[in-house]
Amino acid sequence: MSADLQTVVHDAAEVVVGKREGAWPGEGSELLETYADAAVAVVDGEVAAVGPTEDVLREYPAENADSAYDATGQTVVPGFVDPHTHAAFAGDRSDEFEAKLKGKTYQDILADGGGILRTVRAVREASEADLASNLREHLDAMLAYGSTTVEVKSGYGLDTETELKLLSAVETVAEDHAVDVVPTFMGAHAVPEGMDADAYVDAVVDEQLPAVDDQGVAEYCDVFCEEGVFSVEQSRRVLEAGKEAGLTPKVHAEELAHVGGTKLAAEVGATSADHLLHATREDVDALVDADVVPVVLPGTAFGLGADYADAETMLDAGAPVAVATDFNPNCHSRSMAFAQALCCVEMRMTPAQALVAATEHAALAVDRPAKGRLDAGSPADMAIVDAPSHVHVPYRFGEDVVAATFKDGARVA
Ligand code: NIG
Ligand code: FE
């Protein structure tokens, strides 16, 4: 029975399976299905059994496993899913961090040709190999911090050649990296210097999207629907053309101002609407009605010193709130544990809610519904937290709380 037993993680202080059916948004630990003194057995990359250590080891003895991990005093949670990153880039914008501390705004920096536009210049100059090597380094760090699935956007090319170069670098890294990578095309990330937004939308629709479709790497099409960037109507054109090229919509919505990106996300059938710092109750209801996952990115608000998204309203509406790092040169955080700490401290979510947001809801935000839980039959993607319960993930903010990461049952960090 246990001949092909790959891995047994045993004697964990706690194993978190996922949220209890019907319990969201529930308070505290009643939200979660957990076991104390527990183990996980893995066969062929999938969870074969989860439960009290004694029960699991009776059926799957540790000595029969290719590898056994003693998790005494530790907690096993589903591998984090990071559903929104801009992790494929080149260059360094740490000086902008200092400028922001002195009072410059994100928009000031962009208007001066900095911000996204500066990263675009660096990416246009970088080789594909350099872009791949930078991305690999970031994914290595994310894996060590417990993320096993990561969405990665293009969007620092803003021309056909460079957008394809970015997506090709993403594809190369995805082929052999332990992290499951979800690729997103985001040609409509900013208006390139010297161009008008309508003309650039024409270029995205008529040139970039057909080329991206031919190259066949991307799964999603995202757009920065924002005051001074792309209007709702321009964003709609991009997302509809993306759908024709087989790409599912995602939207950067209501980040710096309220312009209507949330309703657009609901209208075009997006998988997620992200940021939402200025979303209203009506916007949130529209997302819920259309089955669009709201993704909050509290690291961005932290880095900008801005107000946070209104998670309370989202929870009150029963929305399946997800959280992501938004890792990018403006928000240099690769840690989903830190994002969860911000969910708790700044958005008043409970540690259990933040964990669900970082695992199974985040998996919904990239349409990977099999991930983010540890039921029998789930992919055995696990983060082992070096502490006795899931509450310690946000409680120990600023520390690397992940002792080991398993992907499809194999230890990868
Ligand atoms: O999600 N808002 C647009 N895009 C990114 C920032 C990218 C950048 O500044 O390089 C975001 O925050
Ligand atoms: Fe973003």
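Numbering of ligands and ligand atoms starts at 1, following listing order.
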among protein heavy atoms, the one nearest atom 2 (N) of ligand 1 is Glu255 OE1, 2.8 Å
Taken in chain and number order and not counting sequence neighbours, the residues that satisfy salt bridge (Lys or Arg N to Asp or Glu O under 4.0 Å) with Lys153 are Glu151, Asp222
Is it true that Asn328 lies under 4.0 Å from ligand 1, counting heavy atoms only?
-> yes
Can you pull the side-chain hydrogen bond (donor to acceptor under 3.5 Å, both in side chains) pairs that have at least one residue in residues 284-304, sequence neighbours excluded?
-> Arg281-Asp285, Thr300-Asp326
Atoms in ligand 1 with a heavy atom of His84 nearer than 4.0 Å | 1 (O)
Identify whether the distance between the nearest side-chain nitrogen and carboxylate oxygen of Arg368 and Asp381 falls below 4.0 Å.
-> no
Measuring from His390:NE2 to Gln340:CD, what's the distance to the nearest 0.5 Å?
-> 10.0 Å
Hey, are Arg373 and Glu360 close enough for a salt bridge, meaning a charged N less than 4.0 Å from a carboxylate O?
-> yes
By number and element, which atoms of ligand 1 are closer than 4.0 Å to a non-hydrogen atom of Pro329?
-> 10 (O)
Results of salt bridge (Lys or Arg N to Asp or Glu O under 4.0 Å) for Glu96 - residues two or more places apart only = Arg93, Arg118
of all protein heavy atoms, closest to atom 7 (C) of ligand 1 is Tyr156 OH, 3.3 Å
Any donor-acceptor N or O pair under 3.5 Å, side chains Asp274, His84 = yes
Run through the protein N/O/S atoms less than 2.8 Å from the Fe ion (ligand 2) and write them out by chain and number.
-> His84 NE2, His86 NE2, His252 NE2, Asp326 OD1
Pair Thr105, Asp108: side-chain N/O donor-acceptor within cut-off below 3.5 Å | yes
Side-chain donor-acceptor pair under 3.5 Å between Ser133 and Asp130, yes or no?
-> no
Nearest protein heavy atom with distance in Å, relative to atom 12 (O) of ligand 1 = Asp326 OD2, 2.8 Å
Glu226: heavy atom below 4.0 Å from ligand 1, yes or no?
-> no
Under 4.0 Å from ligand 1, counting heavy atoms only, is it the side chain of Arg93, its backbone, both or neither?
-> side chain
Would Glu193 and Arg121 pass as an ion pair if we require N to O under 4.0 Å?
-> yes
Residue part near ligand 1, for Phe89, under 4.0 Å between non-hydrogen atoms | neither
Any ion pair linking Asp82 and Arg334 (charged N to carboxylate O, less than 4.0 Å)?
-> no
Taking only non-hydrogen atoms of Tyr106 and a 4.0 Å limit, the atoms of ligand 1 in range are 6 (C), 7 (C), 8 (C), 9 (O)
Taking only heavy atoms of His189, which atoms of ligand 1 are found under 4.0 Å from at least one of them?
-> 3 (C), 4 (N), 5 (C), 7 (C)
Can an N or O of Thr119 be found at a distance shorter than 3.5 Å from an N or O of ligand 1?
-> no
What protein heavy atom is closest to atom 5 (C) of ligand 1, reported as residue, atom name and distance in Å?
-> His86 NE2, 3.5 Å
N or O pair under 3.5 Å between Thr300 and ligand 1 | no
May I ask you to decide if the ring planes of His332 and Phe89 are parallel, tilted or perpendicular, using 30° and 60° as cut-offs?
-> perpendicular
So, Asp283 versus His258: side-chain donor-acceptor pair below 3.5 Å or not?
-> yes
Is there a heavy atom in Cys331 that sits closer than 4.0 Å to ligand 1?
-> no
